[in-house]
2 protein chains.
Amino acid sequence: MSKNHLYKGTLSAILLKLIEEQGRMYGYELTKRARELTSGDLDITEGALYPALHKLEAEGLLTTEVEKIGNRSRKYYRLADEKGGEARKRIDELAEYARNLQQFLNPKPGHGAA
Amino acid sequence: MSKNHLYKGTLSAILLKLIEEQGRMYGYELTKRARELTSGDLDITEGALYPALHKLEAEGLLTTEVEKIGNRSRKYYRLADEKGGEARKRIDELAEYARNLQQFLNPKPGHGAA
DNA sequence: CCGCATGCATAAGAAAATTACATATATTTG
DNA sequence: CAAATATATGTAATTTTCTTATGCATGCGG
């Protein structure tokens with residue numbers, strides 16, 4: 001029972017935020033963390049995840065390091081130094097979006113009307 | 001300079017919310033109100049608006065009343081009585097989504113780690 | 001008269017996600 | 001040990017949703 005439909009459009013910014021927080025993360029880890037933090041509301045599927053990560057890498061926002069864990073390989077992502085500003089900008093936009101949405105849903109009870 | 005891309009997926013819920021608040025609203029009015037409430041961040045275009053409204057109407061969530069203002073006609077939308085529950089459910093989901101997103105961006109300083 | 005705001009609507013295309021699949025290793029469970 | 005499940009990455013076909021570009025018509029201000 002995911003509520004993915006509402007998260008549409010925020011996926012790549014969410015990925016950037018998680019990666020920024022942890023320093024580096026790999027795909028599978030990102031899906032688990034997102035599920036945790038949203039109480040299961042956001043269930044990122046591979047079909048959405050990997051294309052999004054690849055796109056961010058292609059844009060130069062992320063760099064990768066492949067690491068062997070035993071016989072299996074993980075692909076770690078981290079924010080690219082050169083475009084760190086752009087990444088942070090997108091994360092900030094996400095935060096501003098969240099605030100706007102809150103504002104929208106719970107408009108400040110103006111001083112005017114009782 | 002809209003930030004529409006972040007709002008993807010939330011449009012129909014946002015429309016429901018606005019209509020619920022005002023009792024009834026017409027298309028053009030909705031675009032203006034959304035722009036107002038989000039300081040211009042959400043600029044709903046007709047190409048997104050009307051298909052979304054038509055879909056909600058087709059789903060039975062909205063009913064319409066066409067009204068003549070002088071020589072021009074407005075199409076007012078209001079929540080359908082029969083499916084008012086579903087509409088409110090979607091609005092609640094939007095609110096929960098907004099809270100989750102806030103939580104996600106500003107995690108409560110957990111008890112766990114120091 | 002011309003441009004802009006109001007007001008509704010559709011159509012072609014792009015973007016982003018869903019769903020389904022493919023592959024492979026590691027761990028748990030009956 | 002065999003089978004199921006978790007870990008781990010990826011692609012492809014399809015669908016949903018939005019953008020961009022139109023189209024039509026009224027009303028008002030300069």
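Proteins come first, then strands; the chains are lettered A, B, ... in the order of their sequence lines, and each starts at number 1. Predicted model, so just to flag it, every value in this text is computed and none were measured.
- Within the structure, the ring pair (Phe, Tyr, Trp, His ring centres under 6.0 Å) test picks out the following pairs touching residues 55-96 of chain B (sequence neighbours left out): Y26(B)-Y76(B).
- Extent of DNA chain C lying under 4.0 Å from chain A heavy atoms, first and last nucleotide in 5' to 3' order, is dA16(C) to dA26(C).
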Practice task
Assess whether side-chain contact (heavy atoms from CB on, under 4.5 Å) is satisfied between L16(B) and L62(B), documenting all intermediate values.
Solution key: CA-CA 8 Å; L16(B) 290 175; L62(B) 295 178; 3.9 Å; yes
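- Contacts of D92(B) classified as salt bridge (Lys or Arg N to Asp or Glu O under 4.0 Å), with partners at least two apart in sequence or in another chain: none.
- Atom CZ in R74(A) sits about 14 Å away from atom P in dG10(D), given to the nearest Å.
- Salt-bridge annotation for K75(B) and E65(B): absent, with no side-chain N of the basic residue lying under 4.0 Å from a carboxylate O of the acidic one.
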Practice task
Before giving the answer on side-chain contact (heavy atoms from CB on, under 4.5 Å), spell out for D41(A) and Y97(B) the whole-Å C-alpha distance, their side-chain angles and the decisive distance to 0.1 Å.
Solution key: CA-CA 8 Å; D41(A) 272 4; Y97(B) 159 68; over 6 Å; no
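- Taking each heavy atom of V66(B) and S73(B) in turn, the nearest pair found is CG1-CB, 3.9 Å.
- No continuous path of ILVMFWY side-chain contacts below 4.5 Å connects L15(A) to Y28(A), so the two sit in separate hydrophobic clusters.
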Practice task
Report the C-alpha separation of E29(A) and R74(A) in whole Å, then their side-chain angles, then the decisive distance to 0.1 Å, and conclude whether the salt bridge (Lys or Arg N to Asp or Glu O under 4.0 Å) test is met.
Solution key: CA-CA 10 Å; E29(A) 195 184 12; R74(A) 281 181 190 165; over 6 Å; no
For a quick test of your reading: what N or O donor-acceptor pairs under 3.5 Å do the side chains of residues 44-60 of chain B make, sequence neighbours left out?
unit_1 : atom_1 : unit_2 : atom_2 : d
H54(B) : ND1    : Y50(B) : O      : 3.2
E57(B) : OE2    : T64(B) : OG1    : 3.3
E59(B) : OE2    : R90(B) : NH2    : 3.4

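- Partners of E67(A) under the side-chain hydrogen bond (donor to acceptor under 3.5 Å, both in side chains) rule, at least two apart in sequence or in another chain, are R24(A).
- Of the residues in residues 4-23 of chain A, K8(A) come within less than 4.0 Å of DNA chain D through at least one heavy atom, sorted by number.
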Completion exercise
Protein heavy-atom contacts under 4.0 Å, written 5' to 3' over nucleotides 25-30 of chain D as B (base), S (sugar-phosphate only) or - (none), form the string -BS---
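- Counting any heavy atom pair closer than 4.0 Å across all strands shown, K68(A) reaches no nucleic acid atom.
- With sequence neighbours excluded, the residues that form a salt bridge (Lys or Arg N to Asp or Glu O under 4.0 Å) with K89(A) are E86(A).
- The main-chain N or O of D43(A) is found under 3.5 Å from a side-chain atom of N4(A) such that the two form a donor-acceptor pair.
- For L37(A), the side-chain contact (heavy atoms from CB on, under 4.5 Å) partners are L18(A), R33(A), F104(B), not counting sequence neighbours.
- Legend: residues meeting salt bridge (Lys or Arg N to Asp or Glu O under 4.0 Å) with K17(A), ordered by chain and number and at least two apart, are E21(A).
- Across residues 42-51 of chain A, T45(A), E46(A), G47(A), A48(A) each have a non-hydrogen atom less than 4.0 Å from an atom of DNA chain C (numbered order).
- Within the model, atoms OG1 of T31(A) and CG of L42(A) stand 9.5 Å from one another, a figure rounded to the nearest 0.5 Å.
- Contacts between residues 54-63 of chain A and DNA chain D, defined by a heavy-atom separation below 4.0 Å, involve H54(A), listed by number.
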